[in-house]
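Here is the structure we will look at, set down as structure tokens.
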Amino acid sequence: MLLERLRTTGAASRAQLARDTGLSKPTVSAALATLEQAGLAREAGLLAPGRGRVAVLYEPDPTAGYVLGVDIGRGRLRVAVADLAGEITARRDVPNLGRSAGAVADAVIAECRAAIGEAGIGPGAVVHAAIGTPGVWDEREQRVRYAAQLPGWGRRGLFDRIRAGLDTTISVHNDANLAALGEYARGAGAGSRHFVYLLLGTGIGMGVVSGGKLQRGAHGAAGEIGFLPLPGAGRAGAGAARDGDRRGGEQQGGDHDQRPGMLESAASAESVVRSAREFGLRGATTAKQVFDAARAGDPAALAAVQRQAEQLAYAVAVVSSVIDPDLVVLGGGMGQSSDLLLDRVEEALHALTPLRPRLAPSLLGDEAVLIGALSTALRTARPEVFDRRSAAVARA
């Protein structure tokens, strides 16, 4: 109780802690002594009031343990080490050059080890690693499903390999879910009662946070909005996508490249480029180039952006009718082009539905998944560190 009080409201003296908790001063003093002995709390300076004696201030010791946050994307790998106060002590941000699922797993291990070395901490100091990845984590089978952007990523054993390489406990989470938690903790979602985060990049994902808690669904697939059928796509297209998914599930753990008739085929970075080419834009090979051309006034690029906005508006309309969020945050790589998308999405949304949640750009940008991963890892690590160190003191 005392440690959590120090963590949430800042450094305090014995007298302050006694007043805040209702415990006696001797009880507080004994508890602080135990926390200091366990390496969980430390002196943080002195409080010199206008009257009375100078008081010693105490705070949680952030170096009692460390966590890893990992963001695995098709284009980049992002890794950060943070102490128990959530302060980042080292980070890595590198291109994802792995040409196979095994190579990606090995690259994750290498970058995590490099970050741990840069943080200057010893073996065993990392208590937990939270890993964000496209797709849905299947706890029973210990593998990822539906990660079309990372071929072969659904293979069994990949995360056992990462766990062994890091020599710590790990948890695996959908990247959009982690981004939503990050945005709730430090970004545009702060204070929202019920908000949705759309991760717009090589694919499209969604995280839903209600009352500060992530909504995962019965099988962890809440937010897999990329599977949403498009109007007029027809049963054949949707069926082809499902059949492809089943074949992938048997062969490579749910990997497939195309989802004809589904939202992800029309609302992703690749679809923006494809639309721009259809409208006559030449030379653009990335969504960023299309958006840059749109800012410069290119009519083909502007038409592609408008089509993208209409597809996103359809997604928001469906989500709004089911979830009724007070806020929809646009994030991910394409979310950084909210200057072009937001007004267009809002206009198209108003033409589709009377439900009108507030739309906002992400405040965390590319950092959202990583920040969500760190905050998730801390929720696991803090009680684990407390239990370990308290047990060690009790045995001494």
Side-chain angles (χ1 to χ4, degrees), residues 4 7-8 66-73 76-88 91 93 127-137 139 144 146-147 159 169-201 203-226 319 323 325-333 335-336 357-384:
E4 189 59 29
R7 181 172 289 123
T8 56
Y66 294 83
V67 296
L68 272 167
V70 182
D71 174 12
I72 303 173
R76 301 197 72 79
L77 299 177
R78 296 182 175 91
V79 173
V81 178
D83 61 24
L84 290 187
E87 293 297 317
I88 293 176
R91 62 165 300 151
D93 187 337
V127 181
H128 188 73
I131 301 174
T133 172
V136 176
W137 175 246
E139 184 66 28
V144 171
Y146 314 129
F159 287 89
T169 62
I170 69 170
S171 57
V172 185
H173 310 266
N174 171 264
D175 50 5
N177 285 345
L178 288 182
L181 289 173
E183 207 72 45
Y184 181 79
R186 300 189 188 180
S192 172
R193 289 182 305 157
H194 196 64
F195 93 98
V196 164
Y197 176 96
L198 290 179
L199 182 63
L200 311 172
I204 179 171
M206 183 179 79
V208 181
V209 176
S210 180
K213 295 183 179 180
L214 186 69
Q215 306 301 302
R216 292 186 172 86
H219 307 96
E224 286 298 304
I225 197 171
V319 169
I323 296 177
D326 56 12
L327 172 68
V328 176
V329 176
L330 303 187
Q336 296 179 34
R358 182 167 65 90
L359 304 180
S362 165
L363 297 183
L364 301 182
D366 289 339
E367 300 292 296
V369 176
L370 196 58
I371 290 172
L374 289 172
S375 65
T376 299
L378 285 169
R379 283 197 297 273
T380 297
R382 284 169 177 162
E384 176 67 22

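Basis for what follows: all heavy atoms, side chains included, without hydrogens, waters or symmetry-related copies.
For Ala130 against Ala373, the heavy-atom pair with the smallest separation is CB-O, 3.2 Å. Heavy atoms only, all atoms of each residue included: Ile170 and His128 are closest at C-CE1, 3.5 Å. The two residues Tyr184 and Gly211 make their nearest non-hydrogen contact at OH-C, 4.4 Å. The shortest heavy-atom contact between Ala85 and Asp83 is N-OD1, 2.9 Å. Of all heavy-atom pairs between Ala179 and Tyr197, the closest is CB-CE2, 3.3 Å. When all heavy atoms are compared, the tightest approach of Ala180 to Val209 is CB-CG2, 3.8 Å.
The shortest side-chain heavy-atom distance between Leu181 and Arg379 falls under the 4.5 Å cut-off. Between Phe159 and Val144, the closest side-chain pair of non-hydrogen atoms falls below 4.5 Å. Looking at Leu327 and Val196, their side chains never come closer than 4.5 Å, going by heavy atoms from C-beta outward. Residues Leu199 and Ile204 are not in side-chain contact: their nearest non-hydrogen atoms beyond the backbone lie 4.5 Å or more apart. Side-chain contact between Leu374 and Ile88: present, with at least one pair of heavy atoms (C-beta onward) separated by less than 4.5 Å. Counting only heavy atoms from C-beta outward, the side chains of Leu178 and Thr376 approach each other to under 4.5 Å. Between Ile225 and Val319 there is a side-chain heavy-atom pair separated by less than 4.5 Å. Between Val136 and Glu224, some side-chain heavy-atom pair lies under the 4.5 Å cut-off.
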Passes side-chain contact (heavy atoms from CB on, under 4.5 Å), Ile131 versus Ile72? Steps please. CA-CA 7 Å; Ile131 301 174; Ile72 303 173; 3.6 Å; yes
Please determine whether side-chain contact (heavy atoms from CB on, under 4.5 Å) holds for the pair Leu214 and Val208, giving the CA-CA distance in whole Å, both sets of side-chain angles, and the decisive distance to 0.1 Å. CA-CA 6 Å; Leu214 186 69; Val208 181; 5.8 Å; no
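Taking Leu378 as the reference, Val67, Leu84, Arg382 meet the side-chain contact (heavy atoms from CB on, under 4.5 Å) condition, with sequence neighbours excluded. Every residue two or more places apart in sequence or in another chain that forms a side-chain contact (heavy atoms from CB on, under 4.5 Å) with Pro357 is listed here: Val316, Ser320, Pro325, Val328, Leu349. The side-chain contact (heavy atoms from CB on, under 4.5 Å) test applied to Leu68 returns Val79, Val81, Cys112, Ile116, Val126, Ala129, Leu166, not counting sequence neighbours. With sequence neighbours excluded, the residues satisfying salt bridge (charged side-chain N to carboxylate O under 4.0 Å, His left out) with Asp71 are Arg78. Evaluation of the salt bridge (charged side-chain N to carboxylate O under 4.0 Å, His left out) rule for Arg358 yields no partner, not counting sequence neighbours. Ala185 pairs by the side-chain contact (heavy atoms from CB on, under 4.5 Å) definition with nothing, not counting sequence neighbours. Evaluation of the side chain to side chain donor-acceptor pair (under 3.5 Å) rule for His173 yields Ser171 as partners, not counting sequence neighbours. Checked against side chain to side chain donor-acceptor pair (under 3.5 Å), Glu139 has the following partners two or more places apart in sequence or in another chain: Trp137, Gln142. For the side chain to side chain donor-acceptor pair (under 3.5 Å) test, residues two or more places apart in sequence or in another chain that qualify with Arg91 are Glu367. Considering only residues two or more places apart in sequence or on other chains, Glu384 meets the side chain to side chain donor-acceptor pair (under 3.5 Å) condition with Arg388.
Between Leu370 atom CG and Ser375 atom OG the span is 10.0 Å, to the nearest 0.5 Å.
Within the 3.5 Å criterion, the main-chain N or O of Leu363 finds a donor-acceptor partner in the side chain of Glu183. A donor-acceptor pair under 3.5 Å is formed between the side chain of Thr169 and the backbone N or O of Val127. A distance-only check finds no donor-acceptor pair linking the side chain of Arg216 to the backbone of Ala221 [under 3.5 Å].
At a cut-off of 3.5 Å, with distance as the only test, a side-chain donor of Asp366 or Gln336 sits close to an acceptor on the other residue.
Every pair passing side-chain hydrogen bond (donor to acceptor under 3.5 Å, both in side chains) that includes a residue from residues 185-196 is listed here, sequence neighbours excluded: Ser192-Asp326, His194-Ser210.
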